[in-house]
There are 2 protein chains.
Amino acid sequence: MNKNEIKNAGLKVTTPRLKILKILETAKEGHLTAEEVYKRLCDHHETIGLATVYRVLTQFEAADLVIRHHFEGGHSVFELAKETHHDHLVCVACSRVQEFVDSTIEARQQLVAQKYHFTLTDHAMVLYGFCARCKKEE
Amino acid sequence: MNKNEIKNAGLKVTTPRLKILKILETAKEGHLTAEEVYKRLCDHHETIGLATVYRVLTQFEAADLVIRHHFEGGHSVFELAKETHHDHLVCVACSRVQEFVDSTIEARQQLVAQKYHFTLTDHAMVLYGFCARCKKEE
DNA sequence: CTTAATGCAAACCGTTTGCATAGAT
DNA sequence: ATCTATGCAAACGGTTTGCATTAAG
């Protein structure tokens, strides 16, 4: 339950944190910017400041409840930390995000890291291009 | 020769553009932020505004003379466009950048794109971790 | 009651832009 | 002479922070 996730993170259970968690859970796109989270809160008639949204998302990130991605174009996107790791395809036209997993790529990354004596902590694998829909419209 | 590269890009051959190109060529690290380029120009006693550095780097990027990468942490880095494509390993402690190429990963990316009907225009593949030196110091 | 969390506005930082001046062709 | 490029300072957009107020434990 959400309350426990927040408690386990060592944070007090407050309305803003609960609402933000719910927004992320119910976002079918999965990936939202802080601004988008903020707008949805407004839509739901919640009065939560943008600063709080950033603060809470950052805390959730620190608690591994949320993952923050820095896609090209300056804005970060946040998604609920799911069980399974995955990477992203991003449409350069409509910004649609498609998740994918490729175990071959994952394995290769480890090999590359070993080759250069790096100990991986994280990686960013983002493919940019036109999605099927936007390709047509070109 | 540098003058021709600039001319071929449809740009006038000016001191700032020549100097910035030289800075990038002589940067052994290869990857510099706009700020770093600016500082080096100052070191060489050139009076070139930071705005010009950004403008020129952006023009060079448009002309495919330079590649801009958006690593995590908000700042972009620029590198001279080399013949060969490559990806990056970045040390999360010292920011050292190691280039690498893995044809298996490259091939797999195309497969993934096909699977989701994307036409790739670009990709970001950055591995983050501790380099050998920083790992020791932990 | 004590301490952490919020809202607001102001600060920040990297980057871009408007405008008058300087420079390239 | 014409038109692009530069420098400066001001604007910008996303994100963070200081501080007084409010709410959680």
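Bear in mind the structure is a predicted one, so any value in this text is a computation, not a measurement. Per chain, numbering begins at 1; letters A, B, ... match sequence-line order.
With sequence neighbours excluded, no residue satisfies side chain to side chain contact (heavy atoms under 4.5 Å, CB included) with B/Ala107. Shown here are the side chain to side chain contact (heavy atoms under 4.5 Å, CB included) partners of A/His44, two or more places apart in sequence or in another chain: A/Ile23, A/Glu46.
In this structure, CG of B/Leu57 is placed 10 Å from P of C/dT16, rounded to the nearest angstrom. Per the geometry, CZ belonging to A/Arg17 stands 11 Å off P belonging to C/dG7, to the nearest Å. Note: CG (A/Leu18) to C1' (C/dA5) measures 13 Å, nearest angstrom. Per the geometry, NE2 belonging to B/His70 stands 17 Å off P belonging to D/dG13, to the nearest Å. Distance B/Glu46 CD to D/dT6 P: 12 Å, rounded to the nearest Å. The nearest whole Å value for the distance from the CG atom in A/Leu41 to the C1' atom in C/dG7 is 14 Å.
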What does nucleotides 15-25 of chain D look like as a protein-contact string, B for base, S for sugar-phosphate only, - for none, at under 4.0 angstrom between heavy atoms? BBBB-----BS

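Checked against the 6.0 Å centroid threshold, B/His69 and B/Phe78 do not count as a close aromatic pair.
Between B/Val13 and B/Leu18, some side-chain heavy-atom pair lies under the 4.5 Å cut-off.
Below 30°, between 30° and 60°, or above 60°: for B/Phe71 and B/His31 the angle between ring planes is between 30° and 60°, a tilted geometry.
Salt-bridge formation is detected for the pair B/Glu29/B/Arg40: a Lys NZ or Arg NE/NH1/NH2 atom is positioned less than 4.0 Å from an Asp or Glu carboxylate oxygen.
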